Amino acid sequence: MKRVTILVPCYNEEGSLPELYAELCKLIGQHPAYEWEMLFVNDGSVDGTLEKIRQLREEDHRVCYIDLSRNFGKENAMLAGFDHARGDCVVIMDADLQDPPSLISDMLKAWEDGYDDVYAQRRDRGKESWLRKQMSLFYYWLLDKSSRYEILRNVGDFRLLDRKCVEAIKRLRETHRYTKGMFSWIGYKKKELVFDRGDRTKGKSHYSFFKLIALAMEGITSFTIAPLRFATILGLIISLFAFVYMCYFLVKTLVVGDVVQGFPTLIIVVLFLGGVQLLSIGIIGEYIGRIFIETKKRPIYLVNECGLNEETPADGH
Ligand code: UDP
Ligand code: MG
């Protein structure tokens, strides 16, 4: 019997859990041919999420959980889930029912057809401000142009991964995680399913505008060194102009003589170059900062308590 793990990272989701559990039970009822496991990763919630999960596990042993020692963020929580999942395939979904469980049936079908990574693509982005929509369009364009891997638009983390893919992701143990990019990076046979994403019913989104910007930075810096190259190219172009400018002044001074003039030019050049230098240093700094954090080799998450059906040999990171 093939085993399917449903992996749900939860952060302050006590309101959504009962409904999610009911929906999942309905889904599981439709697929008796599989052995199911619902793996909740409690990502340091401060509300009653853990109690809710414990309660569910007491009644139903298909429910498993991992309680992290604090809030590590969804990306890290997902890795914790991958490390402890026992399924032949793993379905990742949000706790807030924005990802319709009914789509999982189609994902399973595609998986049976031999696809390793079945992802759900939103038909549209739902309720979002115009500015946010434009920015996300621009961001994907930038990411697409600057990296070699195709990072898909309107695709969240809702997907089914074969064991192969899970093992591959488990080997990527960087501290700064951009899982969306990792899914592209690992490759394997992919298939997309289109769906309509609903709006969150209970609680509110954990991703503020600034958190999204931080995630966007993560995406760029962890998947491409294009900004560094951009700094190099900008430096080259400016040097070239500077050289031409120098020749012009050299000849002018020799021919016309030395006339002290051109304060505006001077100040513009100084300021402009200063700006470009600071920008470049900033870009380098972003990468050095990441090297610094990565070299510490800290664990990506810490487990406080587990409720699993059998001990899984976690990677111990
Ligand atoms: N989440 C998490 N840790 C966090 C933030 C979010 O595990 O630090 C979980 C959250 O419980 C939910 C999923 O990640 O199951 C997606 O979060 P949310 O719905 O807030 O994001 P959005 O749907 O707005 O992208
Ligand atoms: Mg959500």
Side-chain angles (χ1 to χ4, degrees), residues 3-29 35-87 89-101 104 156-159 161 166 169-170 173 175 177 179 198-208 211 214-215 298-317:
R3 197 183 274 157
V4 181
T5 300
I6 297 188
L7 166 58
V8 189
C10 307
Y11 177 54
N12 296 346
E13 300 282 6
E14 63 174 349
S16 320
L17 279 180
E19 207 180 326
L20 175 74
Y21 176 71
E23 287 285 327
L24 287 180
C25 285
K26 229 194 291 167
L27 172 87
I28 290 172
E35 189 187 330
W36 292 81
E37 170 186 71
M38 290 172 257
L39 177 59
F40 295 98
V41 181
N42 178 35
D43 186 15
S45 304
V46 289
D47 63 356
T49 305
L50 184 61
E51 283 69 45
K52 274 265 155 57
I53 299 174
R54 278 207 202 109
Q55 216 176 331
L56 288 177
R57 180 166 167 80
E58 251 162 52
E59 293 156 15
D60 182 349
H61 252 61
R62 291 171 303 185
V63 174
C64 300
Y65 69 90
I66 310 163
D67 178 38
L68 302 186
S69 65
R70 63 169 170 85
N71 178 251
F72 280 91
K74 185 185 177 188
E75 311 285 322
N76 298 18
M78 278 197 285
L79 182 72
F82 290 140
D83 283 343
H84 294 86
R86 294 179 308 143
C89 73
V90 175
V91 179
I92 311 152
M93 68 184 294
D94 286 0
D96 55 9
L97 283 170
Q98 274 182 302
D99 305 328
I104 297 177
D157 296 318
F158 185 31
R159 60 174 73 218
L161 295 172
V166 174
I169 299 262
K170 274 163 71 174
R173 304 209 72 94
T175 319
R177 304 185 71 76
T179 316
D199 290 314
R200 193 180 240 282
T201 45
K202 305 241 164 43
K204 61 178 185 354
S205 172
H206 300 104
Y207 287 92
S208 66
K211 259 199 183 162
L215 192 68
R298 293 210 173 146
I300 298 164
Y301 60 86
L302 291 173
V303 177
N304 173 42
E305 162 191 331
C306 282
L308 301 167
N309 288 341
E310 62 193 54
E311 269 317 308
T312 32
D315 269 356
H317 287 277

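The shown structure was predicted, so the numbers you read here are calculated from the model rather than taken from an experiment.
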Main chain of [Y], side chain of [X]: is a donor-acceptor contact present, judged purely on distance under 3.5 Å?
X     : Y      : result
Glu37 : Arg86  : yes
Arg57 : Val63  : yes
Asp43 : Gly73  : yes
Asp67 : Asn304 : no

Interatomic spacing from [atom1] in [X] to [atom2] in [Y] - rounded to 0.5 Å:
X      : Y      : atom1 : atom2 : answer
Ile300 : Arg177 : CD1   : CZ    : 5.0 Å
Arg62  : Cys25  : CZ    : SG    : 5.0 Å
Glu23  : Met93  : CD    : CE    : 8.5 Å
Leu50  : Gln55  : CG    : CD    : 11.0 Å

Nearest heavy atoms of [X] and [Y], plus distance in Å:
X      : Y     : value
Gly87  : Thr5  : N-OG1, 2.8 Å
Asp157 : Lys74 : OD2-NZ, 3.0 Å
Thr49  : Leu17 : CG2-CD1, 3.7 Å
Gly48  : Glu14 : N-OE1, 3.2 Å
Pro9   : Ala95 : O-CB, 4.1 Å
Leu39  : Gly81 : CD2-O, 3.4 Å

Beyond-backbone contact of [X] with [Y], side-chain heavy atoms, under 4.5 angstrom:
X      : Y      : result
Trp36  : Leu24  : no
Phe40  : Leu20  : yes
Ile169 : Met78  : no
Asp94  : Phe158 : no
Leu27  : Ile6   : yes
Lys170 : Asp83  : yes
Cys64  : Asn309 : yes
Leu79  : Phe72  : no

Going through the distances and angles, do Asn42 and Glu13 end up as a side chain to side chain contact (heavy atoms under 4.5 Å, CB included)?
CA-CA 9 Å; Asn42 178 35; Glu13 300 282 6; over 6 Å; no
Going through the checks in order, is the side chain to side chain contact (heavy atoms under 4.5 Å, CB included) test met by Leu56 and Tyr65?
CA-CA 10 Å; Leu56 288 177; Tyr65 69 90; over 6 Å; no
Apply side chain to side chain contact (heavy atoms under 4.5 Å, CB included) to residues Ile66 and Tyr301 and explain how you reach the verdict.
CA-CA 11 Å; Ile66 310 163; Tyr301 60 86; 5.7 Å; no
Working for side chain to side chain contact (heavy atoms under 4.5 Å, CB included), residues Asp60 and Tyr21:
CA-CA 10 Å; Asp60 182 349; Tyr21 176 71; 2.6 Å; yes
The criterion is salt bridge (charged side-chain N to carboxylate O under 4.0 Å, His left out); which residues satisfy it with Lys52, sequence neighbours excluded?
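Lys52 satisfies salt bridge (charged side-chain N to carboxylate O under 4.0 Å, His left out) with no other residue.
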